[in-house]
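Working notes, beginning with the structure itself.
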There are 2 protein chains.
Amino acid sequence: MAQDHPKVLLVEDEPAQREVLSYNLQSEGFDVVSAADGDEAMLLVEEESPDIIVLDWMLPGISGIEICRRLKSRSETRAIPVLMLSARSEEVDKVRGLETGADDYVVKPYSVLELMARVRSQLRRVRPASVGERLEFEDIVLDAETHRVTRADEPLKLGPTEFRLLSTFMEKPGRVWSREQLLDRVWGRDIYVDSRTVDVHVGRLRKALCVHGGADPLRTVRGAGYALG
Amino acid sequence: MAQDHPKVLLVEDEPAQREVLSYNLQSEGFDVVSAADGDEAMLLVEEESPDIIVLDWMLPGISGIEICRRLKSRSETRAIPVLMLSARSEEVDKVRGLETGADDYVVKPYSVLELMARVRSQLRRVRPASVGERLEFEDIVLDAETHRVTRADEPLKLGPTEFRLLSTFMEKPGRVWSREQLLDRVWGRDIYVDSRTVDVHVGRLRKALCVHGGADPLRTVRGAGYALG
DNA sequence: AGCTTTTGTGACACCAATGTAACGCTATTA
DNA sequence: TAATAGCGTTACATTGGTGTCACAAAAGCT
């Protein structure tokens, strides 16, 4: 199940600053992951899939603005909102920050209260960003925007988990996903669920997909996991 | 309505300031309407349906913050983003500004460049919002002009919130909106309201739509949100 | 063939998500 | 000023999805 606490990736090289911010964010109820430099940040973006990134402008290694650019150019599933922090107050920086893709901008010294308000504000904006996408595989069509799935033009009824599961499979037809990968992807990281649960849901998904009598499009790869097609 | 140039309502009592901003906004390609005080502003909101409002905090007549509050309580089609200008730089003001319903906040003396960037940033947020005058879905007709809704030619009675809610749904029939997205669009950013409140209003909207005995056109998508059709 | 490991699946207790009535509050209206 | 309408919250009922388990079935292995 999706964690009810939004995950914040905090990128700040100054340890004291990082500490303070992390503490404050946590006491506001966020899950916080922090990085000290740009490289670590990019790594954690992949591994942790944060809901929002609070990003210091000045960083050793990859600069904040560079991170921003890379994030926006990723053909990733969803755009993660970026809140940029900076010690430089010149207007040019601000503009460049916003137009490079930062979604908001706070100049140091900022007030913690303000920062919190802005983080909340950004989160509310894009939170469960439904990726307006339409996936197809053979006669199966999944529309992320309307949350509708059809097979051979017959509407299917899927539960939330089955929907996410199918949507994962359809993202890369043919790819074999291990149970652990599926747990990460569909259930969310830091969730303790027996990996056999995946089997059960794959079973349920199969039943739902075949309800109007088509062939089973899911393939079991013994010892490895499952795949579509 | 001409979509290409977003319309900005500029509310600023100082003529020189107004002139400068208006000029700059126009040369950025915006349509600009300006007001010198709060009363005029409220009037122009009705008449011009701006896409965004740039609002000075200190105004003769109705204060900026008061305008903000009134805007949020109106039964308009959608929440118009408000960018607040202020000469007061205390953090408390900022937070209060955000939580009163302003969507962003710029402290004087601001740079014109920064202001432009923020205006664009806000517009990016809500842009694909239709300013549509008349929306239809099946036998439901919503007239934004007259604020009237009919179903099967029978007039319906909706409260302001239900009206905005329905109008959001009708903008993109079939699309699933999460509770957070609905809060954002219908209630406005930075209004901290429990997301269960959405459920209640959807319920009220349902009751209103079915009052003459039609089928319920709203779809509940478990774990995701609501959609029309 | 026997035996072991992996996967399929029905049953079920549990709980999270949703529907809804009721209530106190505020703003608007008469 | 009194009355009314709309709002946000809460509490409770209800539904239906979920995770786990136990056992059956299938696939490897020797």
Side-chain angles (χ1 to χ4, degrees), chain A residues 1-5 124 128 147 149 156-166 176-180 182-183 186-188 190-211 216-227, chain B residues 42 62 65-76 79 99-101 147 149 156-166 176-180 182-184 186-188 190-211 216-227:
Chain A
M1 192 58 54
Q3 61 282 26
D4 49 358
H5 289 203
R124 162 160 299 170
H147 261 251
V149 182
L156 301 182
K157 196 170 162 307
L158 301 185
T161 307
E162 282 115 55
F163 183 86
R164 271 176 291 173
L165 193 55
L166 177 60
V176 178
W177 301 80
S178 72
R179 287 164 231 279
E180 283 68 28
L182 290 172
L183 282 176
V186 176
W187 277 258
D190 41 63
I191 275 300
Y192 62 108
V193 166
D194 191 298
S195 78
R196 287 304 309 280
T197 300
V198 174
D199 299 11
V200 177
H201 275 86
V202 167
R204 287 170 181 161
L205 178 55
R206 278 187 166 127
K207 190 189 288 186
L209 287 172
C210 300
V211 75
D216 177 8
L218 294 176
R219 185 162 48 104
T220 301
V221 184
R222 202 180 166 81
Y226 298 94
Chain B
M42 289 307 294
I62 314 176
I65 202 166
E66 177 62 23
I67 291 185
C68 232
R69 224 157 35 77
R70 292 201 191 175
L71 282 174
K72 299 297 169 180
S73 65
R74 270 177 347 149
S75 84
E76 246 323 313
E99 291 184 343
T100 311
H147 281 207
V149 181
L156 300 182
K157 196 168 164 312
L158 301 185
T161 306
E162 280 104 55
F163 183 84
R164 274 185 282 179
L165 193 55
L166 177 60
V176 176
W177 300 81
S178 72
R179 287 164 231 280
E180 304 298 329
L182 290 171
L183 284 175
D184 193 0
V186 176
W187 277 257
D190 306 306
I191 303 289
Y192 300 115
V193 166
D194 191 298
S195 78
R196 286 304 309 280
T197 300
V198 175
D199 298 356
V200 177
H201 279 274
V202 167
R204 287 170 181 162
L205 177 56
R206 277 189 166 125
K207 191 187 289 185
L209 286 172
C210 299
V211 75
D216 177 8
L218 295 177
R219 180 166 53 110
T220 300
V221 183
R222 273 213 161 219
Y226 298 96

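To find a chain, count down the sequence lines: A is the first, B the second, and so on, and within it residues start at 1.
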Worksheet item: Which nucleotide sits closest to the side chain of A/Thr161: D/dC7, D/dG8, D/dT18?
Response: D/dT18
Fill in: Inter-residue atom distance A/Leu182.CG - A/Thr197.OG1, 0.5 Å rounding
12.0 Å
Discussion item. Regarding A/Phe163, tell me which of base, sugar-phosphate or nothing describes its non-hydrogen contacts under 4.0 Å with the strands shown.
Written reply: nothing
Worksheet item: Hey, does the side chain of A/Tyr226 come within less than 4.0 Å of C/dG8's phosphate (OP1/OP2), counting only N and O?
Response: yes
Worksheet item: A/Leu209 and A/Leu166: side-chain contact (heavy atoms from CB on, under 4.5 Å), yes or no, with the steps?
Response: CA-CA 10 Å; A/Leu209 287 172; A/Leu166 177 60; 4.3 Å; yes
Response to the item:
Scanning both residues in full, the closest heavy-atom pair of B/Val176 with B/Ala224 reads CG1-CB, 4.1 Å
Fill in: A/Leu205 CG to C/dT7 C1', straight-line distance once rounded to whole Å
16 Å
Discussion item. Which nucleotide wins on minimum distance to the side chain of B/Lys157, given the candidates D/dT18, D/dT20, D/dG6?
Written reply: D/dG6
Worksheet entry | Of all pairs that satisfy salt bridge (charged side-chain N to carboxylate O under 4.0 Å, His left out), the ones with a partner from residues 216-226 of chain A, not counting sequence neighbours | A/Arg206-A/Asp216
Worksheet item: Expressed in angstrom and rounded to an integer, what is the separation of B/Arg179 atom CZ from C/dA16 atom P?
Response: 15 Å
Worksheet entry | Residue that, paired with B/Glu162, satisfies side chain to side chain donor-acceptor pair (under 3.5 Å) out of B/His201, B/Lys157, B/Arg204 | B/His201
Item to complete: State, yes or no, whether a side-chain contact exists between A/Trp187 and A/Val198 at a heavy-atom distance under 4.5 Å.
Response: yes
Fill in: Atom-pair distance (CG on B/Asp194; C1' on D/dA11), nearest Å
13 Å
Discussion item. Suppose we screen for salt bridge (charged side-chain N to carboxylate O under 4.0 Å, His left out). Which residues come up paired with A/Arg179, at least two apart in sequence or across chains?
Written reply: A/Asp199
Response to the item:
Which of D/dC7, C/dT7, D/dT20 is nearest the side chain of B/His201? It is D/dC7
Discussion item. Roughly what angle, to 10°, lies between the helix axis at the start of the helix from C/dA1-D/dT30 to C/dA30-D/dT1 and the one at its end, five pairs per end?
Written reply: 30°
Atom pairs, N/O to N/O, protein against nucleotides 20-22 of chain C, distance under 3.5 Å?
residue : atom : partner  : partner atom : Å
C/dT20  : O4   : B/Arg196 : NH2          : 3.4

Kindly give the atom pairs (protein nitrogen or oxygen, nucleotide nitrogen or oxygen) under 3.5 Å for nucleotides 13-15 of chain D.
residue : atom : partner  : partner atom : Å
D/dT15  : O2   : B/Arg222 : NH2          : 3.2

Worksheet item: B/Trp187 side chain N/O closer than 4.0 Å to the phosphate oxygens (OP1, OP2) of D/dC7?
Response: no
Worksheet item: Is the shortest heavy-atom distance from the side chain of A/Tyr226 to the side chain of A/Val202 under 4.5 Å?
Response: yes
Worksheet item: Is any side-chain nitrogen or oxygen of A/Tyr192 closer than 4.0 Å to OP1 or OP2 of D/dT20?
Response: no
Worksheet item: How do A/Ser195 and B/Leu158 order along DNA chain D: which one's closest nucleotide is nearer the 5' end?
Response: B/Leu158
Discussion item. Base, sugar-phosphate or nothing for A/Thr220? Non-hydrogen atoms, less than 4.0 Å.
Written reply: sugar-phosphate
Practice prompt. Could you tell me whether the side chain of B/Leu205 reaches within less than 4.5 Å of the side chain of B/Thr161, counting heavy atoms only?
Written response: no
Item to complete: Could I get the full list of ring-ring contact (aromatic ring centres under 6.0 Å, His included) partners for A/Phe163, not counting sequence neighbours?
Response: A/His147
Item to complete: Just call it for B/Val198: base, sugar-phosphate, or nothing, with non-hydrogen atoms closer than 4.0 Å on any strand.
Response: nothing
Discussion item. Whole angstroms only, please: what is the CG-C1' distance between A/Leu182 and C/dT7?
Written reply: 15 Å
Response to the item:
Ranking A/Pro160 and B/Thr197 by the position along DNA chain D of their nearest nucleotide, the one closer to 5' is B/Thr197
Item to complete: Check the distance between D/dG17's C1' and A/Leu165's CG and give it to me in whole angstrom.
Response: 14 Å
Worksheet, complete the sentence: Rounded to whole Å, the CZ-P distance (A/Arg219 to C/dG8) equals 13 Å
